[in-house]
Amino acid sequence: MPEPDRIIRLRTVLARTGLSRSTMYRKIAEGTFPAQIKISINGAGWRESDINRWVADPVSWHTSGLQKTATSDGRAIRCSHC
C-alpha cells in the first residue's frame, strides 16, 4: 500500500521551489503551478507529490484537463484530486 501524500505549507513550498510568493501565485493563476488545497477554515497547503513533480519538470507541468473548483470567496482554483 502506498504511503499517503503529505500536505506541505507555504514556507516549505517556497523553499523547495525557489519561487517568490507573488511568482508562485501568478503561476497558479496561469495554471503552470499546482494550486493549494484547503486544509482548514483558515489554512491551506500543497500536496507534496504535486510540488515534487513540478520541481522535477517545471516546464512541462500544467493543470489543463484538471477539474476546476472555487475557494470560499469565489476565486477559481484547479485541483487534480477533487
Side-chain angles (χ1 to χ4, degrees):
M1 178 186 232
E3 195 171 311
D5 206 3
R6 290 181 31 180
I7 303 299
I8 56 177
R9 300 299 299 266
L10 177 64
R11 203 173 284 179
T12 305
V13 173
L14 297 178
R16 287 190 186 182
T17 63
L19 298 174
S20 69
R21 183 179 175 145
S22 59
T23 299
M24 184 193 68
Y25 282 114
R26 178 179 46 81
K27 288 181 167 296
I28 290 171
E30 294 170 348
T32 58
F33 192 83
Q36 68 273 34
I37 58 171
K38 199 159 188 72
I39 57 176
S40 70
I41 292 173
N42 295 315
W46 285 259
R47 285 186 173 82
E48 186 174 38
S49 61
D50 287 346
I51 300 305
N52 290 342
R53 280 197 309 270
W54 187 89
V55 168
D57 194 4
V59 175
S60 67
W61 200 99
H62 57 84
T63 58
S64 65
L66 301 179
Q67 184 179 11
K68 290 184 182 180
T69 59
T71 61
S72 60
D73 61 354
R75 292 179 298 144
I77 61 170
R78 297 173 190 255
C79 180
S80 61
H81 303 286
C82 295

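Scope of the values below: all heavy atoms of this structure, side chains included, with no hydrogens, waters or symmetry mates.
- Between Arg26 and Thr32, every side-chain heavy-atom pair lies at or beyond the 4.5 Å cut-off.
- Atom CD1 of residue Ile7 and atom CD1 of residue Ile37 lie 3.5 Å apart, to the nearest 0.5 angstrom.
- Taking each heavy atom of Asp5 and Ser49 in turn, the nearest pair found is OD2-OG, 2.5 Å.
- In terms of heavy-atom proximity, Gly43 sits nearest to Ser40 at N-OG, 3.0 Å.
- A distance of 9.0 Å separates CG in Asp50 from CZ in Phe33, rounded to the nearest 0.5 Å.
- To the nearest 0.5 Å, atom OG of residue Ser20 and atom NZ of residue Lys27 are 10.0 Å apart.
- Shown here for Ile28 and Gln36, the closest heavy-atom pair between the two residues is CD1-OE1, 3.5 Å.
- Partners of Arg6 according to the salt bridge (charged side-chain N to carboxylate O under 4.0 Å, His left out) rule, which considers only residues two or more places apart in sequence or in another chain, are Glu48.
- Residues passing the side chain to side chain contact (heavy atoms under 4.5 Å, CB included) test with Leu10 are Leu14, Arg21, Met24, Tyr25, Trp46, sequence neighbours excluded.
- Under the 3.5 Å distance criterion, the side-chain polar atoms of Lys38 are matched with a main-chain donor or acceptor of Ile41.
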